[in-house]
Amino acid sequence: MTRNAILFLIVAVLFLPFLPLIIWSVARGWYFPQLVPEQWTLANWSAIFSASTKVTQGFVQSLVIAILSTGVALLVGLPAGRALGLLEFPGKGAIKLFLLLPIVVSPLATLMGIQFVLIRLGLSGTLVGVVLVHLLPTIPYMALVLSSVYANFDTGYEVQARTLGASPLQVLWQVTLPLIAPGVVVGALFAFLISWNEFLLTFFVGSGRVFTLPMVLFTSLQGGNTGLTAAIAITSILPALIFLLFSSKALGNDAAIGGLGDV
Amino acid sequence: MSEAAYFSIQHLTKAFRRIPAVNDVWLDIAAGERLSLLGPSGCGKSTTLQLIAGILRPDQGEIFLDRRQLNGVPPEQREIALVLQKGLLFPHLSVGNNVAFGLKMRGVSRAEQESRALAMLDQVQLRGFENRKPAELSGGQAQRVALARALVIQPKVLLLDEPLSALDASLRSDMQDLILRLQEETKVTMIIVTHDQGEAVVISHRIALMFEGCLRQVDTPEILYQKPEDETVARFFGGVNFFSADAQQHRLRLPGGDVLATDHPQQGPVQVTIRPERIHVILEPICSTNLLPVTVTQTRFTGTQRQLTLATPAGLELQAWVPPSQNVAIGQAVFAHLPADALWSFSHSPSATTPVPQALSP
């Protein structure tokens with residue numbers, strides 16, 4: 001009984017901040033001391049589909065950038081995580097610390113230098129440039145998650161597959177990846193969400209030409225249109241929720257947690 | 001060593017950080033033979049197996065299979081299957097797909113994969129388990145699936161690395177029987193790594209005994225029991241009786257008296273051994289040769305035999321294992337008969353004085 005009550009309380013506390021957001025998104029004005037708005041409207045929700053608000057454009061750009069960053073972070077993180085998780089080599093501790101630096105050091109401190117380099121390379125204000133800077137926070141998370149996944153991985157399975165006739169590439173696709181899939185999904189989820197919610201790096205490197213959903217949200221927030229802002233905010237939560245539901249359904253809750261290893 | 005042998009290991013050498021793990025191993029194996037690599041843990045037998053499978057690269061030496069040199073050939077192209085102690089069934093695949101794995105990698109059609117995998121499961125008596133996941137199997141069942149998965153690809157050589165050591169004693173003899181039956185049906189050449197000499201004796205045609213990276217003796221189980229090359233080998237196979245003697249033609253001069261031996265190649269000072277189960281204990285001196293008057297100093301009853309410790313007046317100690325029906329008392333004066341064909345001698349060697357790292361008795 002008390003258990004259920006506590007559970008209810010937790011859900012309520014987590015959900016409560018969203019309630020005014022949902023109400024705002026369908027209200028035509030909602031002012032003190034009204035408990036609930038007097039007039040309702042779907043205008044804000046239809047507005048996010050119109051080109052003038054740039055919500056759809058931002059949504060698509062965010063999605064493309066997040067998918068690309070996650071993909072590249074996976075390509076770097078898989079071998080890096082394997083090396084860190086399975087091999088012993090001198091300087092391993094230093095490399096792990098080095099990997100954590102982008103998380104430890106504020107991006108504000110490094111932005112000037114990054115922007116300078118990207119301008120020289122002609123990548124400032126481009127999608128490629130934004131994807132590159134999104135790799136700064138995503139690769140460390142990916143590599144660290146995958147290193148703990150690999151630390152719990154028995155390479156005997158790979159040896160076994162080789163002696164049964166599998167080439168190294170077949171081993172990767174048929175044995176290794178399916179076995180570490182839960183960890184890969186967790187790492188990808190992290191990377192996707194970090195990229196999806198990234199504002200500061202996109203704001204500077206994108207130079208206003210790459211317009212992601214957080215920037216649309218920020219602009220709308222500055223514009224003072226509370227109803228529209230609420231609708232955009234809810235929209236920006238959706239992909240994360242879908243991803244989370246999809247992955248926990250595909251893996252089972254235990255696998256999703258187990259994939260984290262000892263992170 | 002001739003190159004004509006079906007499977008041949010020549011001058012195989014491997015070191016880890018300059019510590020030799022496998023040291024100049026030469027071994028010829030005939031097609032269809034069952035050979036055990038036997039030795040205490042850390043003697044290099046598993047390393048040898050991994051070199052054969054192609055998981056490790058040798059520092060020196062060559063491996064030939066069916067006239068083909070295997071150096072540089074990746075494991076998937078060697079036609080050598082490996083079964084490890086843990087079984088290591090792929091947890092994300094069903095039992096049927098585990099067995100079919102090797103066939104799938106070879107691009108065999110789906111229908112053939114299925115029929116061959118099912119036929120193989122039949123052979124290990126696990127038909128009907130094809131849709132289960134490995135997590136739903138017992139240890140013995142998992143090991144049988146691992147065996148089926150290795151044999152379904154019809155390898156030229158089957159390598160087994162301690163396949164039974166993770167199983168209960170009761171399951172072990174069933175698995176031994178299964179391995180023997182499957183080998184006899186498929187005629188696959190088999191190399192099995194084990195530290196259990198009892199298992200090696202039951203399973204193999206020949207045993208290659210390995211100590212500290214070197215092959216010590218390669219022979220049939222009978223010869224290893226009756227005619228070990230030195231004391232270390234004899235002790236590993238449960239030898240307990242060792243004494244110095246002076247060999248003169250067919251006569252061995254022991255501290256307790258002279259005995260005749262039919263088989264002793266060396267002359268002069270030798271080390272003599274006799275297996276404890278070959279010594280007869282008799283109460284009256286019926287015959288006159290090879291009899292030593294002894295006193296019983298200790299008896300141990302093990303259920304299947306009575307283990308006696310005997311001492312001669314000259315201080316020589318002997319272990320004799322006699323049938324449980326033969327009851328003798330401590331302090332009783334009896335005679336130990338050492339049959340002439342049971343005595344075996346080898347020259348004193350420096351290694352004979354070093355203790356065996358892990359001597360196992362049956």
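Chain naming here is simple, since letters A, B, ... match the order of the sequence lines and numbering starts at 1 in each. None of these values were measured; they are calculated from a predicted model.
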What residues of residues 68-82 of chain B make heavy-atom contacts with chain A at a cutoff under 4.5 angstrom? B:Pro74, B:Pro75, B:Glu76, B:Ile80, B:Ala81, B:Leu82
Checking heavy atoms, do the side chain of A:Val175, its backbone, both or neither come under 4.5 Å from chain B? both
Is the number of heavy atoms from other residues, nucleotides or ligands within 6.0 Å of CZ (A:Phe199) greater than 12? yes
Please check if atom CZ in B:Phe101 has more than 12 non-hydrogen atoms from other residues, nucleotides or ligands closer than 6.0 Å. yes
Between B:Ala146, B:Ala53, B:Pro91, which residue shows the highest count of heavy-atom pairs closer than 4.5 Å to chain A? B:Pro91
More than 12 non-hydrogen atoms from neighbouring residues, nucleotides or ligands closer than 6.0 Å to NZ on B:Lys104, yes or no? no
Max heavy-atom pair count under 4.5 Å with chain A, selected residue of B:Leu89, B:Leu103, B:Val83: B:Leu89
I need the minimum non-hydrogen distance between A:Tyr157 and B:Phe90, along with the two atoms involved. O-CE2, 3.5 Å
I need the contact set between residues 149-162 of chain B and chain A: heavy-atom distance under 4.5 Å, sorted by residue number. B:Arg149, B:Ala150, B:Ile153
Over all atoms of both residues, closest heavy-atom pair of B:His92 and A:Leu179: ND1-CD2, 3.4 Å
Relative to chain A, which segment of B:Leu93 carries a heavy atom at a distance below 4.5 Å: side chain, backbone, both, or neither? neither
Hey, does B:Leu84 have a side-chain heavy atom less than 4.5 Å from the side chain of A:Gln160? yes
Should we count CZ of A:Phe89 as having more than 12 external heavy atoms under 6.0 Å? yes
When you look at CD of A:Gln170, are more than 12 heavy atoms from neighbouring residues, nucleotides or ligands closer to it than 6.0 Å? yes
